[in-house]
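For reference, the structure discussed in these notes is given below.
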Number of protein chains: 2
Amino acid sequence: MLTEKQEAILDFVRAIQAERGIPPSTRDIQRQFGYASQNAAMNHLRALAKKGVIEQIDGRTWGLKARLVQAHLFTVPVYGSIPAGRPTAEEQSAEETLQLDPSLFGLPARAANRLWALRVRGDSMTGAHILDGDLALLERREPRAGDIIAALVNGTETTLKRLLYRGRAAILHAENPRYADIVPESGLECQGVLVGLIRRTT
Amino acid sequence: MLTEKQEAILDFVRAIQAERGIPPSTRDIQRQFGYASQNAAMNHLRALAKKGVIEQIDGRTWGLKARLVQAHLFTVPVYGSIPAGRPTAEEQSAEETLQLDPSLFGLPARAANRLWALRVRGDSMTGAHILDGDLALLERREPRAGDIIAALVNGTETTLKRLLYRGRAAILHAENPRYADIVPESGLECQGVLVGLIRRTT
DNA sequence: TGCGGACGTGTTCAGCCGAACACATCGTAG
DNA sequence: CTACGATGTGTTCGGCTGAACACGTCCGCA
C-alpha cells in the first residue's frame, strides 16, 4: 500500500501532530529527512493524500484527520469476516473502528497503519484460549513459524490459525482437535499476525 | 477570571481546534467577530495566554494547550497483586495506568470510576481461557452467581475465581482441576467482577 | 527499448501569518 | 484628575507556507 519512504513521512507527520497538535510543514519534513528541496516532501504528501491517509486540514496545511491523532491512540479498523482480497487500509469495508492505546500491546508507533482487528467466529482456536466473539488484534507483517495468523483460505474468508511447518510445507493448524489441519495448496496468504486479544465478558 | 469577550474568543478557538485540529489564526478570529483589525484578536489572545488558558503551540500559532478534545477515554489503574485492603480509587498503589475506550467493552460512562485492572498471575483460570499475564478488567460491583470475580482470600492477596453457590454457601471455584475450591470462612470480600480481558501475545 | 512511477534538486512566487507601532475610546480604581 | 486595563482601528514588515515549473535519476514493466 505505502512505500517505505511514504511510511516514514507518515510516521513523522503523525508524531509531530500527536505531540503538538499541528502537523509539520513541508519544510519541517524537508529538514527532518535532509532533503535539499521542499518538493521532495510535497511529492510524498501528495502521494499520501491520493492514498487517503492524510488531507489538507484547513486548505493549506497537510495533516492527518483530527480523529486519527487524538493523544497517542491508534485507530484500528474492525472486520467481521474478510471477503476475498487483502484487507487494506480502506476503512469502507470495516464494520466499525476502535481506538486503543498501543502501549497496551507494546506496539511501536510505526505499527499504527499495519494494525487491524478481526471479530473471531467459531471455536477452532479455543486450545489457544481464543474464543468465539473475541476481538483479535492483528498486524500485517511476515509471519514466523508458530505465529497465530489470519489467513485467507479458499479465497473466500479469513480464519485464524496457527502457522506451522511440516518440513518445508506450511500448514494451518487449528487449536482444536475437532478441526483438521489445512494445507494450503498454492501460496499462503497471510493477512496478519496475532499481536493481541480483547475479550468482553459481559 | 475571564472577561466576557475573552470567553467568547476562547470558545471559538476551542470549537475550531476541536473540529479540525488546528486553532484559528488571528485573522480567522477577526473575521468571526467582525473586527476591523487583526490586533483586536491579538490582544485577546495575549490576554488569554497571560491567564494561562492558551499558549503558542509551535512558536507562532495560538491554541489551547490541553487536549480537552480527547475522546471518551477511561483511565483505569492497573494492579499487579493487591495487598490487604480494598483496591480504592487511590492510584498511588497502581503499577501503571491504562487508557481505554469504554465502548470496547460495552461499558456505560458511569462505570468509569468503578473500573480497575488486574495483571493475572498463575494458571488457576485457564479453564475459563484466562492466562498468566493477561490483563483482567474488573468492575467494582455486587457479584452474581457464576461471575468471575477478584476476591480477597486470606486477607493477603487478590485472586481471580468463579463465584458459585452450594446451597447458600458461596464458594470460589478455580477453573482448573488442579486447584481446589475455596470456601470463604467469614464474609466474602469481592473486589470486582470481570468485565473484560486484554491479552498481549507478542 | 520506451514508458511511467517513485524519488529528488533548484528556484520563484503570491499569500497568509504573527508581530509591532501608533493611536482612540471607555470605565474604573486610586 | 490621572493612570491603567480592556477593547478596538489602521498600517506595515519580515518570515514562513504551499504551490508551481523545469529538470534529473533510478527501476520495473510491457
Side-chain angles (χ1 to χ4, degrees), chain A residues 1-66 69 86 88-90 110 113-114 140 187, chain B residues 1-17 19-65:
Chain A
M1 173 85 188
L2 296 182
T3 69
E4 199 170 329
K5 309 286 181 127
Q6 285 169 6
E7 199 148 349
I9 301 272
L10 179 59
D11 282 346
F12 179 63
V13 172
R14 196 198 317 271
I16 296 292
Q17 201 170 350
E19 178 188 329
R20 66 177 195 190
I22 294 185
S25 70
T26 56
R27 276 166 249 255
D28 287 339
I29 299 173
Q30 174 189 348
R31 271 187 296 275
Q32 171 70 17
F33 292 90
Y35 294 148
S37 168
Q38 168 219 20
N39 249 349
M42 286 279 315
N43 288 335
H44 287 132
L45 289 177
R46 272 191 280 256
L48 287 170
K50 202 185 302 177
K51 295 182 178 179
V53 291
I54 64 172
E55 65 181 0
Q56 280 179 291
I57 298 180
D58 59 350
R60 306 169 46 84
T61 315
W62 294 94
L64 280 76
K65 296 168 194 164
V69 182
R86 309 181 48 217
T88 62
E90 322 156 36
R110 66 178 180 282
N113 38 22
R114 293 197 302 264
R140 273 192 289 276
Chain B
M1 175 84 185
L2 296 182
T3 71
E4 200 170 327
K5 308 285 181 124
Q6 285 169 5
E7 201 145 353
I9 301 272
L10 180 58
D11 281 347
F12 179 63
V13 172
R14 199 199 317 271
I16 296 293
Q17 200 170 353
E19 179 189 328
R20 64 176 195 191
I22 292 184
S25 70
T26 56
R27 277 166 247 256
D28 287 339
I29 300 174
Q30 174 190 350
R31 272 188 296 274
Q32 171 71 16
F33 291 90
Y35 295 148
S37 168
Q38 168 218 20
N39 251 349
M42 286 277 320
N43 288 335
H44 286 131
L45 288 177
R46 271 190 280 256
L48 287 170
K50 204 186 300 179
K51 296 184 179 179
V53 291
I54 263 183
E55 68 179 357
Q56 280 180 290
I57 298 180
D58 60 349
R60 304 168 50 83
T61 315
W62 295 91
L64 296 180
K65 58 167 66 168

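Residue numbering restarts at 1 for every chain, and letters A, B, ... go by the order of the sequence lines.
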[X] [atom1] to [N] [atom2], straight-line distance once rounded to whole Å:
{"X": "B/Ile16", "N": "C/dC17", "atom1": "CD1", "atom2": "C1'", "result": "17 Å"}
{"X": "B/Phe33", "N": "D/dA6", "atom1": "CZ", "atom2": "P", "result": "17 Å"}
{"X": "B/Ile29", "N": "D/dT7", "atom1": "CD1", "atom2": "P", "result": "14 Å"}
{"X": "B/Leu45", "N": "C/dG18", "atom1": "CG", "atom2": "P", "result": "8 Å"}
{"X": "A/Gln30", "N": "D/dT17", "atom1": "CD", "atom2": "P", "result": "10 Å"}
{"X": "B/Asp28", "N": "C/dG18", "atom1": "CG", "atom2": "C1'", "result": "13 Å"}
{"X": "B/Ile22", "N": "C/dC16", "atom1": "CD1", "atom2": "P", "result": "16 Å"}
{"X": "A/Glu7", "N": "C/dC7", "atom1": "CD", "atom2": "C1'", "result": "17 Å"}

Notebook entry, point to check: Should B/Lys5 be listed as having a side-chain N or O under 4.0 Å from OP1 or OP2 of D/dG8?
Noted result: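 Yes, within the criterion.
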
Check: Do any side-chain nitrogens or oxygens of A/His44 fall under 4.0 Å of OP1 or OP2 in C/dC7?
Finding: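 Checking C/dC7 against A/His44, a side-chain N or O does come within under 4.0 Å of OP1 or OP2.
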
Check: Mind checking what makes side chain to side chain contact (heavy atoms under 4.5 Å, CB included) contact with A/Asn39, not counting sequence neighbours?
Finding: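 Here the qualifying residues are A/Ser37, A/Met42, A/Arg46.
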
Donor-acceptor list for residues 21-28 of chain B side chains, cut-off 3.5 Å, not counting sequence neighbours:
residue : atom : partner : partner atom : Å
B/Ser25 : OG   : B/Arg27 : N            : 3.3
B/Ser25 : OG   : B/Asp28 : N            : 3.1
B/Ser25 : OG   : B/Asp28 : OD2          : 3.4
B/Thr26 : OG1  : B/Gln38 : NE2          : 3.2
B/Asp28 : OD1  : B/Arg31 : NH2          : 2.8
B/Asp28 : OD2  : B/Arg20 : NH2          : 3.4
B/Asp28 : OD2  : B/Ser25 : N            : 3.1

For the student: nearest non-hydrogen atoms of [X] and [Y], plus distance:
{"X": "B/Ala47", "Y": "B/Gln6", "answer": "CB-NE2, 3.4 Å"}
{"X": "A/Ile29", "Y": "A/Tyr35", "answer": "O-CD1, 4.4 Å"}
{"X": "B/Trp62", "Y": "B/Ala49", "answer": "CZ3-CB, 3.4 Å"}

Check: With side chains defined as the heavy atoms from C-beta onward, is the minimum distance between B/Leu10 and B/Arg14 less than 4.5 Å?
Finding: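 Yes, close enough: below the 4.5 Å cut-off.
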
Margin query: With heavy-atom distances below 4.5 Å as the criterion, would you say the side chains of A/Gln17 and A/Ile54 are in contact?
Written below: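 Of all side-chain heavy-atom pairs linking A/Ile54 with A/Gln17, none is under 4.5 Å.
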
Next item on the list: Have a look at A/Ala40 and say if it touches a base, only the backbone sugar-phosphate, or nothing, with a 4.0 Å heavy-atom cut-off.
Entry: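 Base, at least one base heavy atom under 4.0 Å.
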
Next item on the list: If a protein heavy atom is under 4.0 Å from the base, mark B; if only from the sugar-phosphate, S; if neither, -; do that for nucleotides 18-30 of chain D going 5' to 3'.
Entry: BBBBB--------

